[in-house]
Amino acid sequence: MEAPLYPEFPTDPSAARGGPPAFWVGPRHLAGDDGRLYDVVADTLSGLGWTSLTVVRGRHEPDEAPEDRLVVRSTVLHISPDALRWAQWALPDEPFLLGGLPVAWQVSARAESSSPLAQWSAYFTRDVPGEAVVDFLVALDASDQPTEPLAGPEMVLDAVAAHGWFRDFDQPEGAAADPTFTSQISLGEVPPLIQDSAPRVLLAEYDETGLAGWQAWAEPTLGAPWLWAASFAAGVPHHLVAAFAASLSSTAPVLRRVLPAATQERLLRAPAS
């Protein structure tokens with residue numbers, strides 16, 4: 001009989017009810033989202049008291065059965081009780097790509113409910129570990145002022161360094177990578193369309209090097225398609241990014257039934273039951 005690799009973690013009773021076998025796997029940053037990124041995040045937001053709204057756009061013909069309706073876009077919006085922060089899950093017909101991957105969750109915040117614009121947004125593609133997105137949202141929910149920075153960028157690098165990630169030799173104050181150099185987090189120029197309502201962004205002549213946001217991604221093999229990507233606008237407070245980074249780099253194993261094809265050979269795994 002095989003001994004559990006992580007005996008301190010409880011087994012998953014649902015595995016006995018059929019379906020794919022469950023495993024405790026690591027490292028977390030290569031474990032994917034288990035195909036449950038929406039459910040994991042939505043359940044957390046519901047538990048925090050956020051309200052969810054569903055918007056469906058499509059074509060509906062007369063006398064057409066509901067199941068035959070062509071849905072062009074379905075969006076689920078989760079709004080915090082104070083309406084200062086929200087998270088949107090979208091399945092668009094023209095997806096917003098990040099690192100060549102469609103964005104799954106967009107999280108935004110504003111300083112005042114009377115403002116029509118988000119002050120910052122963060123974006124997560126599929127296969128970002130759900131635990132990291134959840135920890136980012138829990139930290140956001142706990143912030144009394146979700147747009148105010150409470151720490152400097154060093155907090156983000158300290159979070160991953162505490163879990164064994166290495167600071168970049170050429171950019172030790174703004175980038176780090178896991179020991180296998182497959183996942184990275186970096187403070188630099190944000191990709192196009194990453195939304196931030198800082199006044200400088202609205203000026204055509206603003207210095208592009210003056211605005212920097214955090215980017216994180218996993219590239220299983222050099223030159224291969226990315227497994228996942230996350231992007232944080234320049235206005236996202238560093239302590240919130242640090243919560244994401246600490247969770248992403250955590251050495252604690254995570255429960256998975258679906259393993260990414262690109263990284264499954266790199267994962268350590270132990271049966272959950």
How long is the straight-line distance from [atom2] of [Y] back to [atom1] of [X], given to the nearest 0.5 Å?
X	Y	atom1	atom2	value
R110	L117	CZ	CG	9.0 Å
Q145	E112	CD	CD	10.5 Å
E189	Q215	CD	CD	9.5 Å
L137	F124	CG	CZ	6.5 Å
L53	I79	CG	CD1	4.5 Å
T44	F136	OG1	CZ	14.0 Å

- Remaining members of W217's ILVMFWY cluster at a side-chain heavy-atom cut-off under 4.5 Å?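 Once heavy-atom contacts under 4.5 Å are chained together, W217 belongs with L101, W226.
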
- Task: Would you confirm whether E219, through its side chain, and G223, through its main-chain N or O, come within 3.5 Å as a donor-acceptor pair?
- Result: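 Yes, E219 side chain to G223 backbone: donor-acceptor pair under 3.5 Å.
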
- Is the backbone of Y123 close enough, under 3.5 Å, to the side chain of S231 for a donor and an acceptor to pair up by distance?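 No: the side chain of S231 does not pair with the backbone of Y123.
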
- Message: Evaluate L240 against W120 for side-chain contact (heavy atoms from CB on, under 4.5 Å), listing each step before the verdict.
- Response: CA-CA 12 Å; L240 298 181; W120 59 255; 3.8 Å; yes

- Run the side-chain contact (heavy atoms from CB on, under 4.5 Å) check on S143 and H239 step by step: do they pass? CA-CA 10 Å; S143 297; H239 69 281; 3.5 Å; yes

- Message: Working note: R28 + S247, criterion side-chain contact (heavy atoms from CB on, under 4.5 Å); need CA distance, chi angles, decisive distance, verdict.
- Response: CA-CA 8 Å; R28 179 179 299 188; S247 182; 3.0 Å; yes

Are [Y] and [X] co-members of a hydrophobic cluster defined by side-chain heavy atoms under 4.5 Å apart?
X	Y	value
W105	L84	no
V138	F244	yes
V254	F23	yes
L48	V41	yes
V107	W86	no

Show me the donor-acceptor pairs within less than 3.5 Å that the side chains of residues 167-178 make with the rest of the protein, sequence neighbours left out.
from : atom 1 : to   : atom 2 : distance (Å)
R167 : NH1    : E154 : OE2    : 3.2
R167 : NH1    : P172 : O      : 3.0
R167 : NH2    : E154 : OE2    : 2.7
R167 : NH2    : D158 : OD1    : 2.9
D168 : OD1    : D170 : N      : 2.8
D168 : OD1    : Q171 : N      : 2.8
Q171 : NE2    : L187 : O      : 3.2
D178 : OD1    : F181 : N      : 3.3
D178 : OD1    : T182 : N      : 2.8
D178 : OD1    : T182 : OG1    : 3.3
D178 : OD1    : S183 : N      : 2.7
D178 : OD2    : T180 : N      : 2.9
D178 : OD2    : T180 : OG1    : 2.4

What are the two closest non-hydrogen atoms of [X] and [Y], and how far apart are they?
X	Y	answer
L30	L227	O-CD2, 4.0 Å
P81	W50	CD-CD1, 3.9 Å
A242	V156	N-CG2, 3.8 Å
V128	L37	O-CD1, 3.6 Å
W24	P271	CD1-O, 4.3 Å
T147	P237	C-CG, 4.0 Å

- Mark yes when over 12 heavy atoms from residues, nucleotides or ligands other than D144 sit less than 6.0 Å from its CG; otherwise mark no.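 No, not enclosed.
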
- pair P102-F96: side-chain heavy atoms closer than 4.5 Å: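 A side-chain contact under 4.5 Å is absent here.
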
- Query: Would R269 and R256 satisfy side-chain contact (heavy atoms from CB on, under 4.5 Å), going step by step from the backbone distance to the final call?
  - Reply: CA-CA 9 Å; R269 68 187 87 172; R256 293 289 187 269; over 6 Å; no

- Using the ring of each side chain (for Trp, its six-membered ring), is H78 parallel, tilted or perpendicular to Y38, with breaks at 30° and 60°?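 Tilted: the ring planes of H78 and Y38 meet at 30° to 60°.
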
- Message: Checking D34 now: which residues fulfil side chain to side chain donor-acceptor pair (under 3.5 Å) with it, not counting sequence neighbours?
- Response: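 D34 satisfies side chain to side chain donor-acceptor pair (under 3.5 Å) with no residue once adjacent residues are dropped.
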
- Indicate whether the side chain of W228 and that of H29 have a donor and an acceptor atom separated by less than 3.5 Å.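 Their side chains do not contain a donor-acceptor pair, so the 3.5 Å distance test is not met.
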
